[in-house]
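Within every chain, numbering begins at 1; the chains are lettered A, B, ... in the order of the sequence lines, protein sequences first and strands thereafter.
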Amino acid sequence: MTNAMFTLEQSPVAVTPKLRRLFSRTWGHVAAPGTWWTGPERIAIAHLARANRRGSDDRDPLLPAAASDAVARLAATPATTTQTQVGAVIDGIGLGRYVELVGIVSEVVAIDTVTRLLGCDLEPLPTPLDGSPSRDPVPPAVKKRSAWVAMASPPIPPNVLAAVPAAQQTMIEITEALYMTGPEMADPDITKDGLHRTQIELVATSTSLANECFY
Amino acid sequence: MLSWSATETNHDLELAAIVTPAADPGLAAGRELINLGLSSVGTASNGSTVAAVAAVLGPEPALKAACVAGAFEIYNRVVDATGLPTGPAMRRDLASIIDVLDLNGFPHAGH
């Protein structure tokens with residue numbers, strides 16, 4: 001990934017080098033072989049997520065139909081996901097592939113969202129990298145609990161991706177940088193980059209309302 | 001988190017302002033921050049909501065606000081894609097916000 005990525009020159013506010021580096025690293029992560037999907041498959045997931053978010057009903061022959069359907073739903077209307085659908089997708093492609101797919105779609109939509117809010121053109125997706133998925137096993141602490149997927153404890157958002165530790169770690173890295181760290185969440189009076197906690201949560205709540213996300 | 005932060009820090013936040021455009025949120029740049037959050041689901045590139053926040057708070061907080069919206073695009077998808085339940089304790093703590101924002105109509109409200 002090069003310094004030429006994520007110039008975000010059209011932004012009405014200055015974009016920090018730290019943010020640009022985070023986005024570039026994430027693009028590198030998306031392009032690389034994952035735990036269960038290859039680099040080309042991961043980029044196909046990313047492309048499909050973008051297309052579906054724009055209202056396209058494209059599918060990609062590189063991906064199983066169940067995966068394409070899951071990407072479409074997750075990118076455009078995540079709140080419409082049902083337990084039956086999740087069970088069917090996991091039956092079709094496996095827990096690890098589903099969790100990794102959730103991570104990829106979420107990361108791409110997040111970075112695209114920030115990019116669009118900054119008034120910038122979307123960054124072209126990277127060229128996929130060769131190599132085989134790691135197939136790291138699901139950690140033993142991951143079990144079927146109250147969610148629709150096997151997860152780690154306690155029941156907090158990052159732990160629903162625990163079946164694929166690499167996906168979980170990427171989610172944590174990105175959300176800590178864009179929002180705040182776990183320890184910081186205990187402080188109702190924290191100010192981050194000039195924005196007070198209550199202002200931060202006002203944005204968070206408004207975004208979640210727009211996505212019809214109850215949690 | 002929103003109600004809790006506002007209460008703990010004595011901010012006179014008007015929650016209903018999130019769903020009532022004419023209401024004053026009671027926070028500096030409150031209306032601008034709400035508009036930014038609500039516009040995150042769009043598909044067009046448009047820097048006007050960030051610019052509006054910057055006009056009130058300055059560029060650094062405006063960039064942070066955009067980043068927070070991005071973070072919650074992740075959180076929203078991860079929890080909805082995996083059915084992470086809210087749980088009775090959280091529902092009790094958030095009863096007022098659920099009611100004011102009429103969240104019981106959301107697809108996963110019963111989970």
Return the [atom1] to [atom2] distance between [X] and [Y], rounded to the nearest 0.5 Å.
X: Glu73(B); Y: Ile111(A); atom1: CD; atom2: CD1; answer: 12.5 Å
X: Ile74(B); Y: Ile172(A); atom1: CD1; atom2: CD1; answer: 11.0 Å
X: Asn35(B); Y: Ser206(A); atom1: CG; atom2: OG; answer: 8.5 Å
X: Asn211(A); Y: Asp80(B); atom1: CG; atom2: CG; answer: 8.0 Å
X: Tyr75(B); Y: Thr207(A); atom1: OH; atom2: OG1; answer: 12.5 Å
X: Leu13(B); Y: Thr205(A); atom1: CG; atom2: OG1; answer: 8.5 Å

Go through [options] and name the one with the most non-hydrogen pairs under 4.5 angstrom from chain A.
options: Gly42(B), Ala65(B), Pro59(B), Ser48(B); result: Gly42(B)
options: Ser40(B), Ala28(B), Ala51(B), Ala69(B); result: Ser40(B)
options: Ala54(B), Ala44(B), Pro25(B), Ala62(B); result: Ala44(B)
options: Ala71(B), Ala66(B), Gly30(B), Gly37(B); result: Gly37(B)

Taking all non-hydrogen atoms of both residues, which atom of [X] and which atom of [Y] are closest, and how far apart?
X: Gly47(B); Y: Pro12(A); result: O-CG, 3.7 Å
X: Ser39(B); Y: Leu117(A); result: OG-CD2, 3.4 Å
X: Pro157(A); Y: Val78(B); result: O-CG1, 3.7 Å

So which part of [X] gets closer than 4.5 Å to some heavy atom of chain B, the side chain, the backbone, both or neither?
X: Ile174(A); result: side chain
X: Ala14(A); result: backbone
X: Val86(A); result: side chain
X: Thr191(A); result: neither
X: Leu161(A); result: side chain

Partner chain B: residue of [options] with the largest heavy-atom pair count (under 4.5 Å):
options: Val203(A), Leu195(A), Asp193(A), Val15(A); answer: Asp193(A)
options: Ala75(A), Ala76(A), Gly55(A), Ala177(A); answer: Ala75(A)
options: Pro158(A), Ser11(A), Ala110(A); answer: Ala110(A)
options: Leu178(A), Ile200(A), Val13(A); answer: Leu178(A)
options: Gly194(A), Cys120(A), Ala204(A); answer: Ala204(A)

**Message:** Before you tell me yes or no, could you show the steps for Met151(A) and Leu84(B) under side-chain contact (heavy atoms from CB on, under 4.5 Å), namely the whole-Å CA-CA distance, both residues' side-chain angles and the distance that decides it to 0.1 Å?
**Reply:** CA-CA 10 Å; Met151(A) 61 178 285; Leu84(B) 184 65; 3.8 Å; yes
**Prompt:** Where do Asn46(B) and Arg116(A) land on the side-chain contact (heavy atoms from CB on, under 4.5 Å) test, with the steps shown first?
**Reply:** CA-CA 6 Å; Asn46(B) 186 334; Arg116(A) 285 190 302 96; over 6 Å; no
**Region of Leu33(B) in contact with chain A, defined by heavy-atom distances below 4.5 Å** = both
**Asked** For atom NZ of Lys18(A), is the number of surrounding heavy atoms from other residues, nucleotides or ligands below 6.0 Å larger than 12?
**Response** no
**Request:** May I ask you to decide if Pro61(B)'s main-chain N or O and Lys192(A)'s side chain share a donor-acceptor pair within less than 3.5 Å?
**Result:** no
**Message:** For Leu74(A), is there any backbone N or O sitting under 3.5 Å from a side-chain donor or acceptor partner on Arg77(B)?
**Reply:** yes
**Stepwise side-chain hydrogen bond (donor to acceptor under 3.5 Å, both in side chains) check, Asn76(B) with Ser208(A)** = CA-CA 6 Å; Asn76(B) 292 167; Ser208(A) 300; 3.0 Å; yes
**Message:** Quick one, Val79(B) and Val160(A) - any side-chain contact, counting heavy atoms below 4.5 Å?
**Reply:** no
**Item:** Steps toward side-chain contact (heavy atoms from CB on, under 4.5 Å) verdict (Ile18(B), Leu202(A))
**Value:** CA-CA 8 Å; Ile18(B) 297 175; Leu202(A) 190 58; 3.8 Å; yes
